[in-house]
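Counting starts at 1 for both ligands and their atoms, following the listed order. Residues: numbered from 1 along the sequence shown. It should be emphasised that the depicted structure is a prediction, and the values quoted were computed from it without experimental measurement.
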Amino acid sequence: MSFFRTLNWGFNRLTTMAKTPQRKSEPSLEQHQQRQSSTHDTIRMPLDIVFSAKHNKALAFTLEERQRLNIHGLLPASVRSCRDQMYAIETNFHSFKTNVEKYRYLRTMRQSNERMYFQFVCDHIAMVLPIIYTPTVGVACTLYGMLYREITGLYITKHDRGHMKQVLSNWPKCKEIWAICVTDGERILGLGDLGANGMGIAIGKMDLYTALACIPPCKLMPICLDVGTENPVLHEDPLYIGLREKRLKGQEYDDFIDEFMQSVVETFGQRTLIHFEDFSTPNAFKFLKKYRNSYCAFNDDIQGTAAVGVAGLLGIQRITKKPLEEHVILFVGAGSAAMGICGLLKKELMSRGLSEQEITKNIYICDQEGLITKERKNVTDDIKPFAKDMQPIKSLEEVVDKFKPSIIMGATSAAGIFTEKIIRSMAANHERPGIFAFSNPTNKSECTAEQAYKFSEGRAIYSAGSPFPPVEFNGKRLTPGQANNCLAFPGVVLGVLTALPRTIPDEIYLVAAHELSKFPSDKDLENGNIYPMVEQAKDVACKIAYEVAKYIFDKGLSQTSPPPKDLCELLLSNTYELEHGSSLAETWSYPNVKPNPSPDEQKKKLPEKKK
Ligand SMILES: NC(=O)C1=CN([C@@H]2O[C@H](COP(=O)(O)OP(=O)(O)OC[C@H]3O[C@@H](n4cnc5c(N)ncnc54)[C@H](OP(=O)(O)O)[C@@H]3O)[C@@H](O)[C@H]2O)C=CC1
Ligand SMILES: CC(=O)C(=O)O
Ligand SMILES: [Mg+2]
C-alpha cells in the first residue's frame with residue numbers, strides 16, 4: 001500500500017515540477033545544483049522502490065508493468081521468464097572461478113534482487129549451500145573487510161552502551177522484527193576470533209531461515225556485537241571493518257549483553273526470537289542459562305547442534321539395530337557443540353528410563369588435556385557426571401584403544417585428530433563404527449570422508465559438519481551425511497515463530513532430533529547415510545516446524561489462543577512466497593494499479609472546451 005502511495009507521490013511531484021514556469025534569469029550554480037538534486041530525488045524515488053532489493057524483478061518486469069510503473073525504456077526489450085532468469089544467474093554463477101567470487105556474486109545479487117536470490121538458492125540448494133554457508137562463508141568471514149559493500153546487518157559496538165535502543169531503531173529494512181541472529185564474533189566456526197567479520201555468519205544463518213524455512217527476510221535482523229577482538233591480525237589489517245580494540249570482558253561485557261537483550265524486547269517486543277551464534281563456549285553456556293527462562297532465546301551451537309547430533313545417533317541405532325545405551329560413545333571436544341549433543345543425549349536416554357549412572361557409564365569425554373576424569377579441576381556441572389574415576393589418559397589414540405568406542409563424536413576444530421590408527425582401531429572392534437567430524441569449515445574436519453571410509457574398509461558411518469562429496473570404495477558409492485545444525489535451526493525457528501511460546505522449551509530439540517532421524521530411507525541407511533540429503537532440507541525444516549509448533553500448542557506453552565484449527569495453514573500464513581509459476585512476473589504480480597493514461601487517453605478525458 002505505502003509502496004504505491006510513494007509511487008503516486010513521486011509521480012505527482014514530477015507532474016507539478018513539469019508545470020513550474022521557467023525562471024526568467026539563469027540560476028546560480030548553487031541553485032542549479034539544488035535543482036539538479038531535487039529533480040534527481042524526484043525521479044529516483046519511485047525507481048529506488050521499483051528497483052529496490054525487495055521489489056526488483058529485473059528483466060522479469062512485463063511490458064504492462066514497465067508502462068504502468070514508468071520504467072519503460074529503462075530495461076532492454078527482453079522480458080525474461082523465471083527459467084530464463086535462473087539460467088542467466090546460473091551461467092553467471094559458474095563463470096566465477098573461486099567460491100569466494102561466487103559468494104560475492106550472490107551477495108551482490110541479494111542486495112539488488114532479493115526474491116530472485118532466494119529463488120536461485122532454493123532451486124540449487126545443494127550447489128549453493130556450500131557457498132553461502134559452510135565452508136565458503138568461513139573464508140568470506142576472514143576476508144569480510146575486503147568483501148564489505150553495503151548494509152546487510154546491524155553493528156552494535158561496545159561504545160553504544162546506554163543507547164542501544166536508538167541503534168536498533170536505526171534499522172531501515174523493517175520495524176517489525178520477528179527474529180535476530182546475534183554473534184559477537186569470538187568463535188567463528190573453527191576459525192577463532194574474527195571480531196566484526198563474524199557478521200558473515202549471522203547473515204548466512206538468517207539466509208537459511210528464508211531459503212529453508214520460508215521466513216520473510218524483511219522480518220529478520222542479523223546483528224554483530226562488536227565488542228573488540230583479541231585477534232592481532234585484525235588489529236593490523238587496514239581492511240578490517242570493526243573496532244581495533246581489546247574485547248570487552250567481565251562484568252562490563254555481561255552488562256553490555258544485558259542491555260542488548262533488554263533493548264531488543266523493548267524495541268521489537270518480548271516475542272522476538274534471539275538466536276545466539278558463535279559465541280565462545282563459556283559465554284554461550286552462561287547466556288543460555290541466564291536468558292533461557294526469561295527471553296525467547298536459544299543457542300544454535302549448543303541446542304541446534306544437539307538436535308542434529310542426537311538425530312545422527314538415532315540413525316546409527318537404526319543401522320546397527322543396537323540401542324544407543326549399549327553403544328560406547330566418545331566425545332572428543334568439550335565445547336558448545338559436543339556438550340550440547342551430550343546434554344541432549346542424556347535427556348534422550350533419561351526418557352528411556354535410564355538412571356544417571358547407567359547413562360554416563362558408556363559415555364567418555366576428552367578435551368585437549370585428554371580424558372576427563374574425576375581428578376580434573378574446574379569442570380562444569382554438566383560435565384562432572386561424565387568424569388571417570390580413573391587415572392587420566394592424555395593420548396586420544398590410547399583412549400580409543402582402551403575403551404573401544406563404537407561411536408566417536410569430534411567437535412574440536414583440530415583438523416585430522418581422528419588418525420588412521422584411531423579409525424582402524426574402531427573398525428577392528430565394530431562392524432559399523434560411527435564417526436562424526438562436526439568441525440567447520442572443511443579444513444578443520446577431524447578426518448575426511450575418504451579417510452574414514454578407507455581406514456574402515458568402507459564400513460564407517462561417517463558424517464561431517466561441512467559437505468564432503470560421495471566416495472567410491474570397492475565399487476560402492478558411499479555418501480557422507482552433513483551433520484550440521486542447518487538441518488535443525490530453520491525448522492525450530494519457524495515452529496517457534498508460529499506457536500509463539502514465551503521461552504523456548506528444551507524438549508523441542510528432542511522433538512526436532514526425532515523428526516530429523518526419520519528422514520533417511522532404509523536405502524540411505526544402507527549406504528551409511530544417517531542424514532537427509534541437502535535437497536530435502538526444506539522438507540525437513542517444514543516437518544520440524546510443524547512438530548515443534550504442535551508440541552508448543554499441545555503443552556499449552558503458546559501465548560496465542562485459541563490453538564489453530566489448521567496448524568499447516570497457520571505455518572504457511574506468514575511465510576515468504578518462493579514458489580513460482582511459469583514466470584516470475586506472474587508470481588510477483590504487483591497489486592493492480594491503473595497505468596498512467598497515455599497522452600491520447602488523457603486528451604480524450606479532457607472536458608470539451610466551451611465555445
Ligand atoms: N556441525 C555443526 O553443526 C557444528 C559444528 N561446530 C564446530 O565444532 C567445532 C567446535 O565448536 P565449539 O564446541 O563451539 O568449540 P570450542 O572451541 O568451545 O570447543 C572445542 C573443544 O575441543 C577441544 N579440543 C581442541 N583440540 C583438541 C584436541 N586436539 N584433542 C581433544 N580435544 C580438543 C577443546 O579442548 P580445551 O577445552 O581443552 O581447549 C574444547 O573442549 C568448531 O569447528 C565449530 O565450527 C560447532 C557448532 C555446530
Ligand atoms: C555450523 C555452526 O554453527 C558452526 O560451525 O559454528
Ligand atoms: Mg555456529
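- For the pair Arg107 and Asp207, the salt-bridge criterion is met [side-chain N within less than 4.0 Å of a carboxylate O].
- Under a 4.0 Å criterion applied to the non-hydrogen atoms of Lys205, ligand 2 contributes the atoms 1 (C), 2 (C), 3 (O).
- Looking from atom 34 (C) of ligand 1 to the surrounding protein, the closest heavy atom is Gln368 CG, 3.9 Å.
- Salt-bridge formation is not detected for the pair Lys394/Glu369: no Lys NZ or Arg NE/NH1/NH2 atom is positioned less than 4.0 Å from an Asp or Glu carboxylate oxygen.
- Counting only heavy atoms of the protein, atom 4 (C) of ligand 2 lies nearest to Leu189 CD2, 3.6 Å.
- Considering only non-hydrogen protein atoms, atom 23 (C) of ligand 1 sits nearest to Gly333 CA, 3.7 Å.
- Counting all heavy atoms, side chain and backbone alike, Cys447 lies closest to Tyr462 at O-OH, 2.6 Å.
- Using cut-offs of 30° and 60° on the angle between ring planes, the pair Tyr209 and Phe489 is tilted.
- The distance from ligand 2 to the heavy atoms of Asp301 drops below 4.0 Å at these ligand atoms: 2 (C), 3 (O), 4 (C), 6 (O).
- With a heavy-atom cut-off of 4.0 Å, Thr134 does not touch ligand 2 at all.
- Just one residue in the list Phe298, Tyr253, Tyr295 forms a ring-ring contact (aromatic ring centres under 6.0 Å, His included) with Phe287, and that residue is Tyr253.
- Ligand 1 has no nitrogen or oxygen under 3.5 angstrom from a nitrogen or oxygen of Lys444.
- Heavy-atom separations between Val308 and ligand 1 are all 4.0 Å or longer.
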Derivation of the salt bridge (Lys or Arg N to Asp or Glu O under 4.0 Å) call for Arg247 and Glu230: CA-CA 6 Å; Arg247 270 186 181 273; Glu230 300 298 314; 5.5 Å; no

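- A distance below 6.0 Å separates the ring centres of Tyr364 and Phe403.
- Protein heavy atoms come within 4.0 Å of atom 1 (N) of ligand 1.
- Closest protein heavy atom to atom 47 (C) of ligand 1: Asp301 OD1, 3.4 Å.
- Ranking the protein heavy atoms by distance from atom 15 (O) of ligand 1 puts Arg187 NE, 3.9 Å first.
- Rounded to 10 degrees, the OD1-metal-OD1 angle spanning Asp278 and Asp301 at the Mg ion (ligand 3) equals 100°.
- Salt-bridge annotation for Glu547 and Lys518: absent, with no side-chain N of the basic residue lying under 4.0 Å from a carboxylate O of the acidic one.
- Counting backbone and side-chain atoms alike, Glu277 contributes an N/O/S atom closer than 2.8 Å to the Mg ion (ligand 3).
- Relative to atom 5 (O) of ligand 2, the option among Asn485, Asn440, Asn299 with the closest non-hydrogen atom is Asn440.
- Atoms of ligand 1 found under 4.0 Å from any heavy atom of Gly465, numbered from 1 in the order shown, are 1 (N).
- Electrostatic pairing of Asp193 and Arg187 does not count as a salt bridge here, judged by no charged N lying under 4.0 Å from a carboxylate O.
- Of the charged side-chain nitrogens involved, none lies within less than 4.0 Å of a carboxylate oxygen, so that Asp382 and Lys346 do not count as a salt-bridged pair.
- At least one heavy atom of Tyr133 sits less than 4.0 Å from an atom of ligand 2.
- Nearest protein heavy-atom neighbour of atom 16 (P) of ligand 1: Thr281 OG1, 3.7 Å.
- Inclusion of Phe438 in the set of residues having an N or O under 3.5 Å from an N or O of ligand 1 is warranted.
- Taking atom 32 (N) of ligand 1 as the reference point, the nearest protein heavy-atom neighbour is Asp367 C, 3.2 Å.
- If you look at Ile201 next to ligand 2, there are no close heavy atoms at all, none under 4.0 Å.
- Under 4.0 Å is where a charged nitrogen must lie from a carboxylate oxygen, and between Glu420 and Arg424 at least one such pair does.
- Pairing each heavy atom of Ile417 with each of Leu396, the nearest pair is O-CD2, 3.9 Å.
- Ala334 N, 3.8 Å is the protein heavy atom nearest to atom 40 (C) of ligand 1.
- A salt bridge links Asp300 to Lys205: at least one charged side-chain nitrogen sits closer than 4.0 Å to a carboxylate oxygen.
- Looking at Ser439 against ligand 1, both its backbone and its side chain come within 4.0 Å, counting heavy atoms.
- Ile125 and Pro130 get closest at one heavy-atom pair: O-CD, 4.3 Å.
- Summarising the geometry of Ile363 relative to Lys388, their closest heavy-atom pair is O-NZ, 2.6 Å, with the distance given to 0.1 Å.
- Residue Ala483 touches ligand 1 through its backbone alone, judged by heavy-atom distances below 4.0 Å.
- Atoms of ligand 1 lying under 4.0 Å from at least one heavy atom of Ala414, given by number and element, are 26 (N), 29 (N).
- Under a 4.0 Å criterion applied to the non-hydrogen atoms of Ser336, ligand 1 contributes the atoms 12 (P), 13 (O), 14 (O).
- Here Asn485 has heavy atoms under 4.0 Å from ligand 1 in both its backbone and its side chain.
- Less than 4.0 angstrom separates some heavy atom of Asp278 from each of these atoms of ligand 2: 6 (O).
- Two rings, from Tyr117 and Phe120, have their centers 6.0 Å or more apart.
- The ring of His235 has its center no closer than 6.0 angstrom to the ring center of Tyr240.
- The residue among Ile341, Thr305, Leu396 with a heavy atom at the shortest distance from atom 48 (C) of ligand 1 is Thr305.
- Protein heavy atom at the shortest distance from atom 19 (O) of ligand 1 is Gly335 CA, 3.4 Å.
- Which of Pro282, Ala488, Ser413, Ala411 comes nearest to atom 20 (C) of ligand 1 through a heavy atom is settled by distance: it is Ala411.
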